[in-house]
Number of protein chains: 2
Amino acid sequence: MKKQVTIKDIAQQLGFSVSTVSRALKDHPDISIKTREAVKQLATLLGYRPNRIALNLKNSKTNTIGLIIPEVEHYFFSSIINGIEEVAYENNYYVMVFQSNESYMREVLNLQALATNRVDGVLASFSKETHNFSHFNQIIDYEIPLVFFDRVVNDMHADTVVSDDFHGAYLAVEHLIKRGCKNIALYSSPRHLQISQGRHDGYKKALEDNGMTYNTDLVYSCDTFEDAMKISRSILKKQNRPDGVFAVNDMTAIGVLKVAKELGIKIPEELKIAGFENSRSSKVVDPELTTVDQFGFDLGKKAAALLLKRINDQDFTYEPENIVIKPKLVVRKSS
Amino acid sequence: MKKQVTIKDIAQQLGFSVSTVSRALKDHPDISIKTREAVKQLATLLGYRPNRIALNLKNSKTNTIGLIIPEVEHYFFSSIINGIEEVAYENNYYVMVFQSNESYMREVLNLQALATNRVDGVLASFSKETHNFSHFNQIIDYEIPLVFFDRVVNDMHADTVVSDDFHGAYLAVEHLIKRGCKNIALYSSPRHLQISQGRHDGYKKALEDNGMTYNTDLVYSCDTFEDAMKISRSILKKQNRPDGVFAVNDMTAIGVLKVAKELGIKIPEELKIAGFENSRSSKVVDPELTTVDQFGFDLGKKAAALLLKRINDQDFTYEPENIVIKPKLVVRKSS
DNA sequence: ATGAAAGCGCTAACAC
DNA sequence: GTGTTAGCGCTTTCAT
């Protein structure tokens with residue numbers, strides 16, 4: 001990089017001191033108009049750019065937020081990033097992204113990098129591998145505000161922003177019931193993710209509220225497209241196969257949908273399917289997938305806004321907030 | 001944020017000078033083993049984290065690369081980010097993301113923010129609105145290495161990394177011809193994006209190489225799902241409707257596919273379709289979409305690696321490189 | 001209306 | 001083997 005022009009250069013060329021230049025640049029009233037203009041003119045002429053690094057050091061403030069995310073490629077996460085970037089942009093903050101790639105080790109290192117980089121705050125959604133949260137506690141020890149989104153821990157000094165998984169699942173399953181399903185299967189993630197717990201409970205409650213019995217035989221541990229294709233081939237061939245499927249994410253639901261079509265099962269007549277996410281793909285399959293919109297963009301915005309509020313707060317002894325985004329059922333042709 | 005512990009704190013508590021502590025922390029051989037250990041022990045005890053900002057200022061180096069991207073939500077772009085982050089992580093670099101949201105204005109501001117933040121290099125794909133590139137030239141003036149990816153400009157002191165659009169399109173169209181298409185339509189983006197130019201030319205060349213005539217009546221300006229749905233309704237109802245469609249991206253191809261199904265046109269028997277991107281959605285539609293894989297992850301990695309090389313190079317007078325990623329045709333059921 | 005100087009946290013050249 | 005000091009670019013207090 002070329003030697004950057006500094007206020008010192010401007011000062012020397014104009015015969016002023018650096019402090020005068022510094023003040024002139026920010027229109028300090030003490031400085032005469034004439035001087036201000038001369039300074040600014042030379043500044044643009046020389047292509048002067050204030051050096052944020054110097055400011056960061058001086059103010060112990062970087063205007064940067066660190067983002068820890070499992071994987072950017074996932075539609076839901078990328079829409080969250082979109083929301084975060086939006087709010088950051090509006091408030092003159094910068095976003096440093098770190099992917100954990102669902103690796104605990106990498107997440108720990110990422111957090112260290114964030115601390116070292118002196119970000120003003122952290123937005124995080126932890127990896128599937130993460131069961132120990134002491135690396136997050138370290139961040140909190142430094143009094144760097146932390147907001148969890150989507151995948152959250154509750155017994156920490158950190159705010160959380162999630163979508164209401166329970167409610168979303170409830171809506172979807174209730175809908176399947178209203179459409180006449182008597183025998184609804186659940187395709188769900190490993191239980192330790194709070195997310196899947198909520199969706200599981202919503203599923204259960206919807207059944208019970210409608211006089212149906214919850215049956216663990218209908219609960220399958222499966223949350224990917226590939227696995228769904230695999231296990232559905234046998235599930236859907238059973239004598240008393242389900243007449244409805246609720247899956248914890250769209251790709252899983254689509255796996256079921258595909259197999260059903262292969263097997264000649266009519267959707268929605270013989271099998272109704274609902275997913276969770278409202279991804280691009282859900283709009284594109286045939287029949288289009290009924291699903292629950294999680295409003296990732298919104299979630300990202302809310303999380304970022306809350307973080308900025310914490311950053312601007314004086315003291316670190318705030319009571320953590322738990323924001324819940326109400327999801328919405330999007331009814332399409334698969335149900 | 002809590003007052004962070006600095007080497008000065010460690011020095012005072014131990015009765016050493018800051019320079020000794022500094023050296024001890026990096027295992028400088030001059031320092032006695034005993035001192036080194038004492039220092040390191042106290043450092044971990046106090047939760048010391050080196051302050052990168054101070055280093056950044058001292059070295060005029062931030063180990064940060066700035067990323068300007070039209071929109072993170074797009075699958076192709078998010079897979080590029082994935083590749084970039086991967087390389088950055090491996091090399092102890094950090095990534096600051098800026099979305100232009102396809103807005104020229106915002107892109108200009110983003111570039112200023114990057115310069116101000118003293119990133120060591122910039123990766124950029126410009127917005128659809130961008131026709132004037134002087135903001136990029138400013139970055140080059142500062143001698144900040146710049147690598148364009150996907151959407152590139154050639155007459156600049158900047159490297160470029162793109163997928164071979166011409167070749168990809170050629171493969172797809174040649175394939176359609178081999179499958180028997182006589183009348184292939186092109187759904188393409190506005191011409192000024194180099195991307196669509198290449199894909200257009202590949203389409204044309206494939207036709208000509210196979211003794212077919214290029215006919216502008218078969219070239220439609222359309223590159224979104226919605227538009228594709230709209231215009232296809234009339235195009236596919238025509239007397240001499242096309243028997244093949246090549247679209248510059250998957251979502252457009254999928255729009256065509258949907259309308260064809262609505263109209264009862266059999267795919268692939270009566271109409272063969274190919275897209276470009278190999279998105280998630282392309283695997284999920286019915287019939288699955290034949291498409292061209294652009295290897296976004298790879299492209300991101302290559303772009304980042306090239307940028308890091310430029311950053312580490314001493315002089316800025318390098319000859320820009322133009323890397324071309326060979327795409328691959330993925331044949332599926334739609335053709 | 002302007003200047004001098006200290007300081008943000010760290011490193012490295014130069015003492016001793 | 002350890003300490004002193006200047007300096008990275010900027011702001012700001014305290015002079016003048």
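In what follows, every chain begins at residue 1, and chains take the letters A, B, ... in the order their sequences are listed.
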Worksheet item: What about A:F133 and A:F126, are their ring centers closer than 6.0 Å?
Response: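 Yes, ring centres under 6.0 Å apart.
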Fill in: B:H135/B:Y104 aromatic ring centres below 6.0 Å
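Yes; B:Y104 has its ring centre under 6.0 Å from that of B:H135.
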What is the distance, to the nearest angstrom, from the [atom1] atom on [X] to the [atom2] atom on [N]?
X	N	atom1	atom2	result
B:I7	D:dG3	CD1	C1'	13 Å
A:D30	D:dT12	CG	P	13 Å
B:D27	D:dG1	CG	P	13 Å
B:Q4	C:dC10	CD	C1'	15 Å
A:I31	D:dT12	CD1	C1'	12 Å

Discussion item. Is it true that B:T35 and B:S32 share a donor-acceptor pair across their side chains at a distance under 3.5 Å?
Written reply: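 Judged by distance alone, the side chains do pair up.
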Carboxylate-amine/guanidinium contact [X] [Y], below 4.0 Å:
X	Y	result
A:E321	A:K309	yes
B:E85	B:K301	no
A:R151	A:E102	yes
A:E86	B:R106	yes

Practice prompt. Give, ordered by number, those residues of residues 34-63 of chain A having at least one heavy-atom distance below 4.0 Å to an atom of DNA chain C; if nothing qualifies, reply none.
Written response: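 The stretch gives A:T35, A:L57, A:K58 as the residues lying under 4.0 Å from the strand, ordered by number.
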Item to complete: Pull out every residue in residues 8-22 of chain B that has a heavy atom closer than 4.0 Å to any atom of DNA chain D, ordered by number, or say none.
Response: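 Listed by number, they are B:G15, B:F16, B:S17, B:S19, B:T20.
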Worksheet item: Do you know which two heavy atoms are closest between A:T160 and A:V152, and how far apart they sit?
Response: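 Nearest heavy atoms, A:T160 then A:V152: CG2-CB, 3.8 Å.
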Worksheet item: Which pair of non-hydrogen atoms, one from B:D120 and one from B:K61, has the smallest distance, and what is that distance?
Response: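 Where B:D120 meets B:K61 most closely, the heavy atoms are OD2-NZ, 2.9 Å.
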Discussion item. Could you work out how much the helix from C:dA1-D:dT16 to C:dC16-D:dG1 bends, comparing the axis of its first five pairs with that of its last five, to 10°?
Written reply: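 So the angle between the two local helix axes works out to 50°.
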Worksheet entry | Pairwise 5' ranking along DNA chain D for A:T6 and A:R23, keeping only the more 5' one |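 On the 5' side of the pair lies A:T6.
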Worksheet item: Which word best sums up how the rings of A:F77 and A:F149 line up, parallel for under 30°, tilted for 30 to 60°, or perpendicular for over 60°?
Response: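 If you compare the ring of A:F77 with that of A:F149, the planes turn out perpendicular.
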Worksheet item: Of B:Y142, B:Y318, B:F148, which meets ring-ring contact (aromatic ring centres under 6.0 Å, His included) against B:H157?
Response: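 Only match with B:H157 under ring-ring contact (aromatic ring centres under 6.0 Å, His included): B:Y318.
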